[in-house]
2 protein chains.
Amino acid sequence: MTATEDRYRVQSVERAFVLLEALAEAGPEGMTLSDLARLLGISKSSAYAILQTLLAGGFVADSGSGMSRRYRLGMALARLGDVVVSQIALRDVAMTVMRDLTRETGLTSRVAVLDEPYAVVIARVDAPHSTVRFTANLGKREHLHCSAVGKAMLAALPETTVHEILATAGLPEKTAYTITEAPALHADLASVEQRGYAIDDEEDNEGVFCVGSAIFDHTARCVGAVSVTGLKLDLPAWRVDQLGQTVRDHAAQISTLLGAPATAEAAV
Amino acid sequence: MTATEDRYRVQSVERAFVLLEALAEAGPEGMTLSDLARLLGISKSSAYAILQTLLAGGFVADSGSGMSRRYRLGMALARLGDVVVSQIALRDVAMTVMRDLTRETGLTSRVAVLDEPYAVVIARVDAPHSTVRFTANLGKREHLHCSAVGKAMLAALPETTVHEILATAGLPEKTAYTITEAPALHADLASVEQRGYAIDDEEDNEGVFCVGSAIFDHTARCVGAVSVTGLKLDLPAWRVDQLGQTVRDHAAQISTLLGAPATAEAAV
DNA sequence: GGATTGGTTCGGTAATTCCGAACATCGTTT
DNA sequence: AAACGATGTTCGGAATTACCGAACCAATCC
């Protein structure tokens, strides 16, 4: 049946999580050590050791002591769960809006988040009939100063963090068009802030053009950016601003779906 | 320092959760196997085995495959976290309202949840100067047909589940006043539904009087009940209805704090 | 007060898990 | 292009690790 070799599983870890599932079933009143041991079909001492481990990490909590001590799920799980739902929220929301965006523009769209001092792509929707395969691997770290998503985020971040990021990551030259001087970059960021979208004009890859805009969460903090990517020769100059507005609108759409207040997307 | 003997801990379980914390830090883009192994200071194969285990349970998810596969937190954690927050919510919300209730009435108040086919007490606030110590242990299972919290819940549950519960648990006689006949019980439940609160008049313990009312969550389902307990001779008949309304109001208060729609508490 | 249930501690055993190394695959760089 | 480096996956062996059973406390129930 399960061709998935048991060889590459850890027994005690599996038991720990079966135990957690049992506690989840049990509800607020929790379960006793003996109940758990019986339910899992293991010795009391084994269950005890696992519970102590989980207790130390706050993944289970105990009510009462000594006799008839009861165990229930701990706060630490609430924290982990919260991380998951916020991540899922960004991914899922982004995916649906990105599909819209590529359908409207015919271009590959991507969403990246900030992983100081780099940007990292967490979702991508390929153009339907892309002439070139952009090998944009998910999870790949990219420089901020030479990408549309990167500059969109930089323009939305506080000044101090921008300085920190540029200080640690620098401004390496990727192509002849890469902005390698801090003053020039700050000037560019100012116009990004004004327009509401950023442009990468062959600054990261020769012949590649990108337009990106920042995404904000419910606390009005910048959590990432969305962009479309195409070949420079497919994009006449008169289309750029129209494209920029489209991307900006879709970014705002993601932000509102994340519960961002309307002010976050407006001009500073 | 930590006098907590490492002897009663499970190494691999501890590692698994350190790994999860690391993934939580990592964010939506996740981490690679090698990164994790380096970070935890363990071999790749060990980290691999743990990851496979977590993957099987849905506690981590993987993006991409083969090369540069990335791991991030899985949906199962969202589920566990959700269970925790709803439990915490009920407990915490209940405690504050219960303190109000005992202050106003001078009686011991308790909150129980349904653990078919029994009721189980999950929180209690003792009366300030209680003449008698009610040994109402938390987590203790009680019959539904002879307690105020039990009858309050029964009146709020669908007919089919009521039948199931009574069929499996029966109607054992606890005192001379215990309702042991199904028709009589149903008649009582009807009046409970009408009044909005249930009465236990020495049906569980001789000389003990209880008044209880049901609690509803944000999905308008009955999740428990709250009650006050006192000695029969301290409660003249004319106080009963006033007390019932007080308990009912506080139950409604808990329900609204849990996000229950206003209709749930109204008469059926 | 005895009997029963539940939690905690301990010692020995062997099963479990850990590691290192080798293989397969892919991306990068020379 | 081809070699290199890095990554995920598989395997065998060694011993650490975690499991169990039993005994020891503590508290409840009869």
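Only a predicted model underlies this, so the values are computations on that prediction, with no experimental measurement involved. A note on names: the letters A, B, ... follow the listed sequences, proteins ahead of strands, and every chain is numbered from 1.
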Would you tell me if any nitrogen or oxygen in the side chain of A:S46 comes within less than 4.0 Å of OP1 or OP2 on D:dC20?
-> yes
Would you say a side-chain N or O of B:R69 is under 4.0 Å from OP1 or OP2 of D:dA6?
-> no
In whole angstrom, give me the gap between the P atoms of D:dC19 and C:dC18.
-> 11 Å
Residue mapping more 5' on DNA chain D - nearest nucleotide basis, B:S45 or B:R38 | B:R38
Whole-Å distance separating the CG atom of A:L51 from the C1' atom of D:dC19 | 15 Å
Salt bridge check: are B:D200 and B:K151 linked by an N-O gap of less than 4.0 Å?
-> no
What residues form a side-chain hydrogen bond (donor to acceptor under 3.5 Å, both in side chains) with B:K232, not counting sequence neighbours?
-> B:D201
Please state whether the base of C:dG7 and the side chain of A:K44 form at least one donor-acceptor pair under 3.5 Å?
-> yes
Length of the line joining B:I42:CD1 and D:dT17:P, which is rounded to integer Å = 13 Å
Are any of B:R15's side-chain N or O atoms less than 4.0 Å away from OP1 or OP2 of C:dT17?
-> no
Is any side-chain nitrogen or oxygen of A:Y8 closer than 4.0 Å to OP1 or OP2 of D:dC11?
-> yes
Inspect the contact between B:D82 and B:R79 and indicate whether a charged nitrogen and a carboxylate oxygen are less than 4.0 angstrom apart.
-> no
Within the side chain of A:R69, is there an N or O that forms a donor-acceptor pair under 3.5 Å with the backbone of A:T32?
-> no
To the nearest angstrom, the CD-P distance between B:E14 and D:dT17 comes to 12 Å
note: A:L33, atom CG; C:dT9, atom P; distance rounded to Å ~ 12 Å
Take A:S12 and A:S34, find for each the nucleotide of DNA chain C with the closest heavy atom, and name the residue whose nucleotide sits nearer the 5' end.
-> A:S34
Whole angstrom is fine here: how far is it from OH in B:Y48 over to C1' in D:dG8?
-> 7 Å
For the base of D:dG8, is there a side-chain donor-acceptor partner from B:T32 under 3.5 Å away?
-> no
